[in-house]
Amino acid sequence: MSPSYQDLIAAAREVIPEVEPADVASRVASGDGPLIIDVRETAEWDQGHLPGAVHIPRGFLESRIGGTAPDSDQEILVSCASGQRSLLSAQTLHHMGFTNVTNLAGGFARWKQNNHPVEVPRILSAAQRSRYSRHILIPEVGEEGQMKLLDSKALLIGAGGLGSPAAYYLAAAGIGTIGLVDDDDVDESNLQRQIIHTTDRVGMNKGESAKQAIAALNPEVQVNVHPFRVNRDNVLDLVSQYDIIVDGADNFPTRYLLADASLMTNTPLVHASILRFEGHASVFNPYDGPCYRCLFPEPPPPDLAPSCGEAGVLGVLCGVMGNIQATEAIKVLLGIGDTLSGRLLIYDALGMTFTELKVRRDPDCPSCGPNADLQLRDYEAWCAGVGSHDHAGASA
Amino acid sequence: MSTVKIPPVLRQAAGGERTVEAKGTNVGEVLSALCEAHPAIGKQILTSDGELHKFVNVYVNDEDARLMQWTDTPVGDDDTLLILPAMAGGQ
């Protein structure tokens with residue numbers, strides 16, 4: 001006669017010891033817990049599970065256990081809802097050669113009844129799964145990566161040429177919080193390139209205008225409008241609220257200020273700059289690769305560094321460079337791919353060429369070098385002084 | 001002859017050219033030939049002592065000349081020099 005379900009359970013009990021929830025809880029609390037495998041279905045797991053447990057639905061146990069527990073002597077505790085499926089699963093592991101397998105007595109139900117701590121996994125809502133489905137399909141992003149983006153906070157300096165496309169795409173990508181620093185108002189002459197603004201919002205603060213566009217695109221994104229200029233009095237407080245800086249500033253004092261603040265707060269900086277048909281882009285990871293001053297120790301004088309307002313800029317170039325920044329920001333936040341850290345990318349739209357230069361860490365860098373005495377300074381005065389002094393003929 | 005890539009801010013000084021051919025066996029010689037042919041460039045990138053300003057980066061192919069032998073860095077006919085001042089524009 002074939003064995004009944006009760007027979008199978010009884011046979012499993014012969015070989016698999018049971019452990020009381022209280023014993024497991026005290027071991028987990030002391031950091032000395034076994035590897036806990038939860039074999040319930042996904043819908044059950046999503047309701048909550050033992051802290052630190054690994055989810056392997058029973059149907060995948062045999063195929064996936066090797067990846068989670070490569071050592072057959074490893075202590076494994078199996079859990080399910082009431083202790084029955086986990087008992088049979090534990091027996092399967094025993095058959096597979098795992099020598100130290102136990103079963104959670106009474107399963108997750110008794111664990112919860114006894115008020116032991118429960119971890120509830122975060123999951124994307126149905127609306128989020130739909131909105132971000134093309135991201136979730138990418139193995140390097142997936143649901144976990146999308147949740148990371150939803151938890152991320154990006155600070156954009158400037159909601160202008162670079163900030164417009166960067167903010168738009170970062171918002172579309174589901175970056176949870178976007179800070180927009182800009183004290184300027186939308187002007188008609190901005191609209192040739194600053195695509196996040198609209199004709200009917202001319203005169204509105206750029207951060208406010210961008211906030212409206214983002215709300216229409218992705219209302220889930222929290223937009224913090226900072227309608228002032230970043231300076232040495234507010235920069236550290238501001239930057240420390242965010243995970244990454246996207247630099248779309250239009251002047252050297254702000255760029256050097258951000259570079260130093262990035263180092264002081266250990267916040268990665270995604271750089272881009274634009275003029276006419278040419279754009280530069282790089283990533284500066286604090287103390288893990290070169291910084292902005294390793295690349296450009298000093299700013300050029302004003303006549304060699306005209307702004308877009310003085311020398312012009314191709315509107316489309318802003319889109320390319322701002323989106324390169326958005327791409328790099330997403331990669332940095334997800335920890336995937338090879339970023340532009342250690343490289344300067346130069347895009348020449350007129351020749352349609354991309355050139356890459358190697359950027360090395362400067363061992364004598366006054367900002368990130370071992371002997372650097374890093375403190376925020378009067379960057380306006382420093383940039384003006386360095387430029388005029390050098391250009392008057394000081395030795396290089 | 002080496003190829004020198006001219007950044008946007010110096011193109012007017014180079015007669016509107018995006019690249020210029022210049023003779024020389026090292027970085028210093030190539031830049032001297034460039035500044036001789038286009039004196040307006042020299043006014044922008046050289047100090048009154050004829051030294052390169054610190055704000056001017058020069059790359060030989062994709063490497064920073066400062067991290068090699070600076071103006072003594074050898075340059076061949078197939079090499080490309082790139083003059084790179086920082087750009088601040090973002091708006």
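Chain letters run A, B, ... following the sequence lines, proteins first, then strands; residues in each count from 1.
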Just so I know, are the side chains of [X] and [Y] near enough to count as touching, which here means a heavy-atom distance under 4.5 Å?
X: B:Phe55; Y: A:Pro297; answer: no
X: A:Asp362; Y: B:Leu67; answer: no
X: B:Arg18; Y: A:Leu350; answer: yes
X: B:Arg11; Y: A:Arg276; answer: no
X: B:Met87; Y: A:Leu275; answer: yes
X: A:Lys206; Y: B:Gln91; answer: yes

Can you tell which of A:Asp348, A:Val313, A:Thr355, A:Asn251 has the highest number of heavy-atom pairs within less than 4.5 Å of chain B? A:Asp348
Go through the atoms of B:Leu84 and report whether side chain, backbone, both or neither lie under 4.5 Å from a heavy atom of chain A. both
Ignoring hydrogens, what is the shortest heavy-atom contact between B:Ala86 and A:Pro300? Give both atom names and the distance. O-CG, 3.6 Å
Closest heavy-atom pair and its distance - B:Gly89, A:Cys308: CA-SG, 4.0 Å
Engaged part of [X] at the chain B interface, taking heavy atoms whose separation is under 4.5 Å:
X: A:Leu295; result: both
X: A:Ala311; result: neither
X: A:Arg193; result: side chain
X: A:Tyr292; result: side chain
X: A:Asp182; result: side chain
X: A:Glu278; result: both

Report the C-alpha distance between A:Glu298 and B:His53 in whole Å, list the side-chain angles of each, state the deciding distance to 0.1 Å, and finish with yes or no for side chain to side chain contact (heavy atoms under 4.5 Å, CB included). CA-CA 10 Å; A:Glu298 291 179 0; B:His53 279 298; over 6 Å; no
Which one of B:Pro85, B:Gly50, B:Pro8 has the most heavy-atom pairs closer than 4.5 Å to chain A? B:Pro8
Take atom [atom1] in [X]; do more than 12 heavy atoms of anything else shown fall under 6.0 Å from it?
X: A:Tyr169; atom1: OH; answer: no
X: B:Gln12; atom1: CD; answer: no
X: B:Glu36; atom1: CD; answer: no

Drop me the distance from [X]'s [atom1] to [Y]'s [atom2], to the nearest 0.5 angstrom.
X: A:Leu344; Y: B:Asn57; atom1: CG; atom2: CG; value: 9.0 Å
X: B:Asn61; Y: A:Lys358; atom1: CG; atom2: NZ; value: 9.0 Å
X: A:Ile346; Y: B:Leu82; atom1: CD1; atom2: CG; value: 5.0 Å

